[in-house]
**Student:** 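Have a look at this one.
First listed ligand is number 1; within each ligand, the first listed atom is number 1.
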Amino acid sequence: MSKYIFVTGGVVSSVGKGIAAASIGKILKSRSISVTVQKLDPYLNVDPGTMSPYQHGEVFVTKDGAETDLDLGHYERFIGVELTQASNVTSGQVYSAVIAQERRGDFLGGTIQVVPHVTNEIKRRIREVAEISGAELVIVEVGGTVGDIEGQPFLEAIRQMRKDEGRDNVLYIHVTFLPYIAATNELKTKPTQHSVNELRRMGIQPDVILCRSDKEVSPGIKDKISLFCDVDREAVIPLVTSETIYEVPLLLEDAGLGELIVSRLGLKAERNELSEWRNLVAKLKTPKEMVTIGLVGKYVGLQDAYYSVREALCHAALAHDCEVKIEWLDSENLETGDDGVLKRVQGIIVPGGFGYRGIEGMVAAAKFAREKKIPYLGLCLGMQVMVIEFARQVFHSQDVNSTEFDAKTAYPVITLLPEQREVRQMGGTMRLGTYPCHLVPGTKTAKAYGSEVVYERHRHRFEFNNIFRRTLKEAGLIPSGLLLDGDLVEIMELEDHPWMIACQFHPEFKSRPDSPHPLFQHFIGAAKKTMVEGAQMKLSTVK
Ligand code: GLN
């Protein structure tokens with residue numbers, strides 16, 4: 001039987017509740033406890049797949065093709081697990097399921113209510129993730145903050161879980177924020193007290209309070225929170241802003257959270273083993289050589305939109321004993337023809353995206369990379385852009401495009417497969433999830449991976465158009481990875497270039513701090529060799 005930890009948030013959002021949940025998973029897994037994680041998102045969308053990156057940040061794709069919250073990325077990277085659709089539940093999914101049952105007549109004439117029907121469906125999904133994974137411990141993070149209207153059914157469901165599963169099998173952890181008032185030079189606990197009161201109003205008394213703060217938390221502040229919130233003193237755990245997110249598990253471990261959870265839940269645990277992680281964090285915090293990478297996208301104002309890409313670059317740089325400095329380049333600014341900013345970078349990355357806005361700037365970046373022989377890594381849209389750019393010079397025409405951007409283009413080098421042409425509904429209908437990819441022997445791509453077949457995660461509607469395969473190959477754009485039956489081009493690389501490789505999938509989702517993705521690792525390796533005036537030999541501390 002699984003035990004459960006429920007992580008709620010108070011005061012404000014964006015204080016790192018997801019990273020806290022992932023870190024809790026890490027310190028328990030380090031004691032050989034099997035762990036899985038689930039995120040409950042109170043919004044009414046069925047999944048974030050159709051949401052704008054400005055609203056939601058990155059959409060993280062699981063191996064089974066679920067489009068999920070970016071917190072699942074933290075869970076996978078910290079804990080080293082691979083999650084599934086069952087790990088992200090939204091109000092939209094819960095209500096759709098309950099209403100479908102009602103339409104089928106499953107409730108035999110009953111009145112359908114939030115309690116018990118909606119809450120039962122939420123609890124069923126929490127238990128389902130426990131069953132599917134067989135994990136000893138399930139960490140469930142409730143999105144949003146306590147007091148949100150949409151979040152109430154979730155809080156009611158997790159309240160009931162303590163009664164259903166037994167007191168000793170459920171633990172509530174509340175993550176709050178202690179604001180710092182400069183005028184009086186102090187941290188304030190009042191918002192935490194209010195937030196805990198709000199949680200109690202829902203019938204939940206937290207067992208542990210994690211206090212996020214930008215300043216040291218004094219023993220006096222801990223005492224105060226312990227007294228007013230009725231939480232043991234050792235269960236008030238400060239979580240002071242750290243240099244790198246990967247340090248958070250160590251801060252929690254050193255504050256005694258691991259031992260506390262094990263004893264409160266009566267878990268069978270081994271001695272914790274975090275020494276490799278400690279080395280990794282120490283390495284991250286050591287100043288080192290810098291590699292400057294230009295990330296050319298259209299959501300660069302909001303870096304959460306490229307969360308996994310940023311992390312994958314950081315992991316890859318670490319493997320080369322260097323630090324990555326990302327220049328966030330708005331692709332629309334490159335459309336004016338001014339490529340000055342690109343001259344300062346040692347490598348160019350064009351990540352995923354949708355819609356025509358900003359595309360021509362990405363094409364300009366791919367052209368710059370090709371002509372100036374700057375290492376280039378294209379991710380999904382980044383591969384489509386690389387193909388468009390290359391084909392424009394092969395066909396001596398600007399009328400080369402993806403049919404996503406120009407349905408009537410003379411050279412539709414990127415287009416929809418017949419099955420995608422039938423699609424009428426936007427949500428959940430792209431090519432999603434893991435597909436096998438056969439690497440072409442002798443290519444740089446095959447060398448980077450060092451294997452014959454790889455499994456990578458997709459999220460796109462459009463594909464390389466095979467009509468142009470032969471011509472482009474003869475001109476030097478080599479298909480270096482193919483779907484196992486060879487029908488679809490999954491990776492392309494450029495001949496006569498130090499390193500220009502792009503893939504139709506999203507390798508960033510599989511990178512981990514302790515096992516960087518081969519394409520990112522080799523891209524950084526190539527970028528390191530690019531000499532750019534003033535960019536190398538700079539030392540700095542890592543963020
Ligand atoms: N818009 C492109 C497509 O749908 C690329 C998608 C992406 O980059 N994830 O195929």
**Student:** Show the nearest heavy-atom pair for residues F509 and S308, with the distance to one decimal.
**Tutor:**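 Closest approach of F509 to S308, heavy atoms only: CD2-OG, 3.7 Å.
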**Student:** Nearest 0.5 angstrom please: E311 CD to R77 CZ, how far?
**Tutor:**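 Result: 5.5 Å between the selected atoms.
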**Student:** Starting from atom 7 (C) of ligand 1, which protein heavy atom do you reach first, and at what distance in Å?
**Tutor:**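 Here the closest protein heavy atom is C380 SG, 3.1 Å.
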**Student:** So, for Y54 and Y299, is the gap between ring centers shorter than 6.0 Å?
**Tutor:**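 Yes, they do, as the ring centres are separated by less than 6.0 Å.
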**Student:** N/O to N/O below 3.5 Å, does that happen between L381 and ligand 1?
**Tutor:**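 Yes.
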**Student:** To which protein heavy atom is atom 9 (N) of ligand 1 closest, and what is the distance rounded to 0.1 Å?
**Tutor:**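 Protein heavy atom at minimum distance: R459 O, 2.8 Å.
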**Student:** Would you please determine whether M430 falls within less than 4.0 Å of ligand 1 on a heavy-atom basis?
**Tutor:**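 Heavy atoms of M430 never come under 4.0 Å of ligand 1.
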**Student:** What I want to know is whether F462 and ligand 1 share at least one N or O pair that is separated by under 3.5 angstrom.
**Tutor:**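 Yes, at least one N or O pair falls under 3.5 Å.
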**Student:** Can we say E121 and R124 salt-bridge, meaning some charged N sits less than 4.0 Å from an Asp/Glu carboxylate O?
**Tutor:**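 Counted as a salt bridge, because a side-chain N and a carboxylate O are separated by less than 4.0 Å.
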**Student:** So, do F464 and T415 sit near enough that their side-chain heavy atoms are less than 4.5 Å apart?
**Tutor:**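 Result no, sub-4.5 Å side-chain heavy-atom pair not found.
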**Student:** Taking both backbone and side-chain atoms of R461, is any N or O found less than 3.5 Å from an N or O belonging to ligand 1?
**Tutor:**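 R461 vs ligand 1: N/O contact under 3.5 Å present.
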**Student:** From atom 2 (C) of ligand 1, work out which of H458, E404, H460 has a heavy atom at the shortest distance.
**Tutor:**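 Looking at heavy atoms only, the winner is E404.
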**Student:** Does H506 come within less than 4.0 Å of ligand 1, judged by its heavy atoms?
**Tutor:**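 Yes.
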**Student:** Flag the pair Y376 / W499 as yes when their ring centroid distance falls below 6.0 Å, and as no otherwise.
**Tutor:**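 No; W499 has its ring centre 6.0 Å or more from that of Y376.
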**Student:** I want to know whether H517 and Y449 have ring centres closer than 6.0 Å.
**Tutor:**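 Yes: the rings meet the under 6.0 Å criterion.
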**Student:** Using distance alone, decide if ligand 1 has a nitrogen or oxygen within less than 3.5 Å of any nitrogen or oxygen in G353.
**Tutor:**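 G353 vs ligand 1: N/O contact under 3.5 Å present.
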